[in-house]
Amino acid sequence: MHETRVRVGLLGCGNVGGALAELLLADGDRIAERTGMVLELRAVAVRSLSRPRAASIPPELLTTDAQAVAADPDLDVVVEVIGGIEPARTLILAALGSGKPVVTANKELLANCGTELFDAAAAAGRDLLFEAAVAGGIPLIRPLRESLAGERIHRVLGIVNGTTNYILSQMAAHGASYQEALAEAQSLGFAERDPTADVEGFDAAAKAAVIAHVAFGARVVAGDVDREGIGAIGADDIVSAHRLGFVIKPLAVIEEVDGAIGVRVHPAMVPAAHPLASVRDSFNAVFVEGEAVGELMFLGRGAGGAPTASAVLGDLLDAAHNLTVGGAGRTPALRAVPRRSIDDLVSAYYLTLEVADRPGVLHAVAGVLGDHSVSVRSMEQEGAAEGARLVFVTHPALERDMQACLQELHALDAVRRVGGLIRVVGA
Ligand SMILES: NC(=O)c1ccc[n+]([C@@H]2O[C@H](COP(=O)([O-])OP(=O)(O)OC[C@H]3O[C@@H](n4cnc5c(N)ncnc54)[C@H](O)[C@@H]3O)[C@@H](O)[C@H]2O)c1
Ligand SMILES: N[C@@H](CCO)C(=O)O
Ligand code: NA
């Protein structure tokens, strides 16, 4: 087979960069045999030359001058796996500006500066590929961009953060406390260095914005995403969810309703029979609902050095192929779209209240719900310390009305605590 040599510059050699370097160095011959592409790792930009690296990385490839790697005319393709906004943004712009395609795993950067970067790629006539940025090793971006390019997608539901899925799964399966489960996720290495990004939903919000780019061509930035973390979910909610036939999952929801795009990230009550309900531990899964194609689910490892490096490798081969035929694949052209506020969401809700256990309380609570046109589908009452815990599931209601109910319920004398309000998704 005719072989094509492609000179690769790597920016960053942490979890993902290190795993990619290992793959290229250990498996290069097999990759070349299979694809006809010889991926030559020619430079690895690192922050510190003295940090221990995998033994197989020749030390002469290492440099602390990332800018020189990005601009090097003797390289063909650049991989950015430093993460964060700067210097990653400047480095990617420099690489594209010097005519090199770029592969990145950086959801945070794409979610904040996607338009600028895609425009730069289009202007350079080079690829900017980012399969690894969402759901790590799971092929998702390419199916959405290519296989489903003409599909009318209605909704994408994703478990796109492994840490929060792990925490909620451990709480449900083993009664682990939130803190215990978070500590385990950190020790297993898939939590972000600052786990706030995971548990407060920032990581999932960035991924949701990137999904909005490829599924809807929508110019959505991370700050546009309605976001709630999992911190308010208690062991009681997990037990109640199970009894009611639900599983609590950390979801990203990206949907088109009446021509407007809604993008939100929050814990959700998913019916136990829905395919996403059985996605446990640190697994990711993305459920796509399309007009012609129907329902699809993508499942696998959304995090970890090796799975993520696998996605980067696929992009590298794609970019290398496009370069050899003198072009680039399709670059997302993002357009401004009407945004659908979460206030306009129509959803069923799970709601818990701790109330005084005395006559008339239920009547007062029902009055507040009824005044806001919220109709109750089921209600359970159980004893709580010196009171009662009420667990409601509503029929579909308007978010704005539900929020107004919460305000009034807080103000009721007999209500001691308004617990979780969790949206039901996938019913
Ligand atoms: N780890 C995962 O599971 C995973 C999954 C999907 C996507 N990603 C994304 O991949 C990217 C990398 O993640 P990671 O887990 O490998 O992070 P990491 O922190 O392990 O690696 C980043 C590396 O970049 C180095 N670095 C920082 N500034 C640099 C500079 N100026 N020049 C050269 N090197 C520099 C750091 O020293 C570090 O070794 C991020 O964008 C992340 O969001 C990671
Ligand atoms: N912290 C992220 C890593 C992958 O992006 C997660 O838990 O999913
Ligand atoms: Na992916």
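Predicted, not measured: the structure shown is a model, and the values here were computed from it. Order of listing sets the numbers, starting from 1, for every ligand and every atom in it. Note that these values count all heavy atoms, side chains included, but never hydrogens, waters or copies made by symmetry. Position 1 is the first residue of the sequence, and the numbers go up from there.
Closest to atom 40 (C) of ligand 1, if we only count protein heavy atoms, is G83 CA, 3.6 Å. Atom 28 (N) of ligand 1 has I82 CG2, 3.5 Å as its closest protein atom, hydrogens excluded (heavy atom only). Of all protein heavy atoms, the one lying nearest to atom 2 (C) of ligand 1 is G304 N, 3.8 Å.
Inspection of the S347 and E399 side chains reveals no N or O donor paired with an N or O acceptor under 3.5 Å.
No part of L109 comes within 4.0 Å of ligand 1, judged by heavy-atom distances. Counting heavy atoms closer than 4.0 Å to ligand 1, residue N15 contributes atoms from both its backbone and its side chain. Proximity of R51 to ligand 1, defined as any heavy-atom pair under 4.0 Å, is confined to the side chain (atoms from C-beta onward). Heavy atoms from both the backbone and the side chain of T163 come within less than 4.0 Å of ligand 2.
Distances shorter than 3.0 Å separate the Na ion (ligand 3) from the protein N/O/S atoms E131 O, E131 OE2, V134 O, G136 O, I138 O.
For ligand 1, the polar-atom distance check against A303 finds no nitrogen or oxygen pair separated by under 3.5 Å. Checked by distance only, ligand 2 and G162 come closer than 3.5 Å through their nitrogen or oxygen atoms. Ligand 1 has no N or O atom lying under 3.5 Å from any N or O atom of R53, backbone or side chain.
At least one heavy atom of G302 sits under 4.0 Å from some atom of ligand 2.
Ion pair R389/D236 flagged as a salt bridge, since at least one NZ, NE, NH1 or NH2 atom sits closer than 4.0 Å to an Asp/Glu carboxylate oxygen.
In summary, the atoms of ligand 2 found under 4.0 Å from a heavy atom of E192, numbered by their order in the structure, are 1 (N), 2 (C), 3 (C).
In this structure, atom 31 (N) of ligand 1 is in close contact with the protein, since a protein heavy atom lies within 4.0 Å of it.
Across the listed options C13, S48, A105, A132, A132 owns the non-hydrogen atom lying nearest to atom 6 (C) of ligand 1.
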